[in-house]
There are 2 protein chains.
Amino acid sequence: MQTRSTKSLIVKTAEELILSYGYQGFSYNDIASAINIRKASIHYHFPKKEDLGIAFIRKYSRLFSLWTKRLGTASNRERLIAFCRMYGSLSNNCTRICPIGMVAADYHSMPAGIQEHSQELIAQVEQWLTELVDKGKKEGEFREYLRSSDTARHMIYVMSGSLKMARIFKEPGRIKRAEKDLVFHICKEKEQ
Amino acid sequence: MQTRSTKSLIVKTAEELILSYGYQGFSYNDIASAINIRKASIHYHFPKKEDLGIAFIRKYSRLFSLWTKRLGTASNRERLIAFCRMYGSLSNNCTRICPIGMVAADYHSMPAGIQEHSQELIAQVEQWLTELVDKGKKEGEFREYLRSSDTARHMIYVMSGSLKMARIFKEPGRIKRAEKDLVFHICKEKEQ
DNA sequence: GTCTATACGCTGATAGAC
DNA sequence: GTCTATCAGCGTATAGAC
């Protein structure tokens, strides 16, 4: 197991633990036993827990950038649906919530560095969605009366909320329903 | 300071701390210093932290029951708006989030007793909203195509999400916007 | 890079005096 | 009911050998 491998394995494990138990709900010891290394080795890669938290946020920020670039030539309606599906996949069969939902709830008990990076991640997603809604309106796919940025925020609230409730009640259908509600409210026709 | 007073003061303080920092983000020591008593005194009233967590959830459950009873003769539209306003007041000027949003995020790192009571609280609010939407549809105030329980859930997602984001970005306007969006989507006319 | 060993503060919790 | 005193355990974090 090489260095780079270990480092990304640590982040991957932290990621799973954070999205399941929250930032304060996991410890270096949890990671150490999960991947069979010692706590001190984690501190070598991430001296402070805050560093690991930031790495987690930044990873999702990069993943989202990559995801938007991979979309190619899809209609605005298709992009909207793709976003909901991608978001829903974070649920991991009702075991996890989304990064945004997690950092938003635990926000005030997180180190300042994580707070800043959280704001950036949320702003990044909001901006992408705002532009999507704006484009969808201009190109006649989305309802004209929508306010782009408010609709973008609305989408995040709904998808993020549905993941949390799906986990609590073990009802994956909540995520699908949230998607359908959003598509119906935002898109002009084809209620599907 | 009599006994009953101290007990309710402890719950009140726990409440503020939980809605700001989360269940794992506060300690008996935080409460003790906040109201100038010793940790052991808190353990007298609430032997385990879980007991205090449950008291917190149950208090909000009772408060919600009382709130719904105090509504009197209001139209369904007025009830919808009243709900959003009541919910928004939990924000406490962008310093707190809602009980549902908090327990939903930290769910898997909470003791089983708190999880159960959280489920009950959420179900209670969902049910009241479902009945409201149902009634609003039947009486012609709300849009007929809405599915009552999905709309109820949608409302919780949106209001709960808006409180969290309002806190992060210090934008109380997000809560008001969430309310207007919901009213517009659910009510038939008077876009306001 | 990974390990062993260790420091040390804070946590939830208990025993017992008043 | 509230206090002082105390506990074991776990948290993050560091030093230094290999």
Side-chain angles (χ1 to χ4, degrees), chain A residues 1-57 102-103 106-115 117, chain B residues 1-57 102-103 106-115 117:
Chain A
M1 191 94 46
Q2 300 88 330
T3 295
R4 213 208 146 283
S5 225
T6 299
K7 186 165 186 174
S8 58
L9 194 55
I10 291 170
V11 178
K12 189 183 167 231
T13 310
E15 196 183 315
E16 292 167 4
L17 291 169
I18 291 174
L19 296 183
S20 294
Y21 306 106
Y23 177 73
Q24 319 198 47
F26 86 98
S27 67
Y28 273 37
N29 204 28
D30 294 332
I31 298 181
S33 21
I35 59 180
N36 201 35
I37 56 172
R38 276 355 93 191
K39 282 194 294 178
S41 308
I42 306 176
H43 279 286
Y44 169 78
H45 296 285
F46 303 97
K48 301 189 161 190
K49 197 182 180 185
E50 177 176 2
D51 301 321
L52 184 47
I54 290 174
F56 155 71
I57 305 279
M102 188 53 87
V103 300
D106 291 350
Y107 194 75
H108 269 80
S109 49
M110 281 173 163
I114 302 186
Q115 291 183 346
H117 283 82
Chain B
M1 189 95 46
Q2 302 87 330
T3 294
R4 214 208 144 284
S5 226
T6 299
K7 186 165 186 175
S8 57
L9 194 54
I10 291 169
V11 178
K12 189 183 168 231
T13 311
E15 196 183 315
E16 292 166 4
L17 291 170
I18 291 173
L19 296 183
S20 294
Y21 307 106
Y23 177 72
Q24 319 198 45
F26 86 99
S27 67
Y28 272 37
N29 203 29
D30 294 332
I31 299 180
S33 22
I35 59 180
N36 202 33
I37 56 172
R38 283 347 100 193
K39 281 196 298 177
S41 308
I42 306 176
H43 279 286
Y44 169 78
H45 296 284
F46 303 97
K48 301 189 164 191
K49 197 181 180 186
E50 177 174 3
D51 301 322
L52 184 47
I54 291 174
F56 155 71
I57 304 280
M102 188 54 88
V103 301
D106 292 349
Y107 194 75
H108 268 83
S109 48
M110 281 173 161
I114 301 186
Q115 291 184 345
H117 283 82

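Residue numbering restarts at 1 for every chain, and letters A, B, ... go by the order of the sequence lines. Every value quoted in this text rests on a predicted model; they were computed, and no experiment measured them. Side chains are part of it too, since the values below use all heavy atoms of this structure and drop only hydrogens, waters and symmetry mates.
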Mind checking whether I31(A) and L52(A) have side chains closer than 4.5 Å, heavy atoms only?
-> yes
Answer yes or no: does a side-chain N or O of R38(A) lie under 4.0 Å from OP1 or OP2 of dC3(C)?
-> yes
Crowded around Y28(B) OH? As in, over 12 foreign heavy atoms under 6.0 Å?
-> yes
side-chain contact (heavy atoms from CB on, under 4.5 Å) filter on P47(B), not counting sequence neighbours, yields D51(B)
Is Y107(B) close to Q115(B) at the side-chain level, that is, under 4.5 Å between some pair of heavy atoms?
-> yes
Which pairs, with at least one residue in residues 29-38 of chain B and sequence neighbours excluded, count as a side-chain hydrogen bond (donor to acceptor under 3.5 Å, both in side chains)?
-> S27(B)-D30(B)
Give the nucleotide from the list dT4(D), dT2(C), dG1(D) with an atom nearest to the side chain of T6(A).
-> dT2(C)
Output one line per pair: protein atom, nucleotide atom from nucleotides 12-16 of chain D, and distance, for all N/O pairs under 3.5 Å.
residue : atom : partner : partner atom : Å
dT12(D) : OP1  : K49(A)  : NZ           : 3.0
dT12(D) : OP2  : Y28(A)  : N            : 3.1
dT12(D) : O4   : K39(A)  : NZ           : 3.3
dA13(D) : OP2  : K49(A)  : N            : 2.7
dA13(D) : N7   : H43(A)  : NE2          : 3.1

Could you give the CD1-to-C1' distance, from I10(A) to dT2(C), as a whole number of Å?
-> 10 Å
Are any of S41(B)'s side-chain N or O atoms less than 4.0 Å away from OP1 or OP2 of dC3(D)?
-> yes
Just how far, in rounded Å, is C1' of dA13(C) from NE2 of H45(B)?
-> 16 Å
To the nearest Å, how far apart are Q24(B) CD and dG12(C) C1'?
-> 13 Å
To the nearest Å, give me how far apart OH (Y44(B)) and C1' (dA5(D)) are.
-> 20 Å
Report yes if some heavy atom in the side chain of H117(B) is under 4.5 Å from a heavy atom in the side chain of F56(B); otherwise report no.
-> no
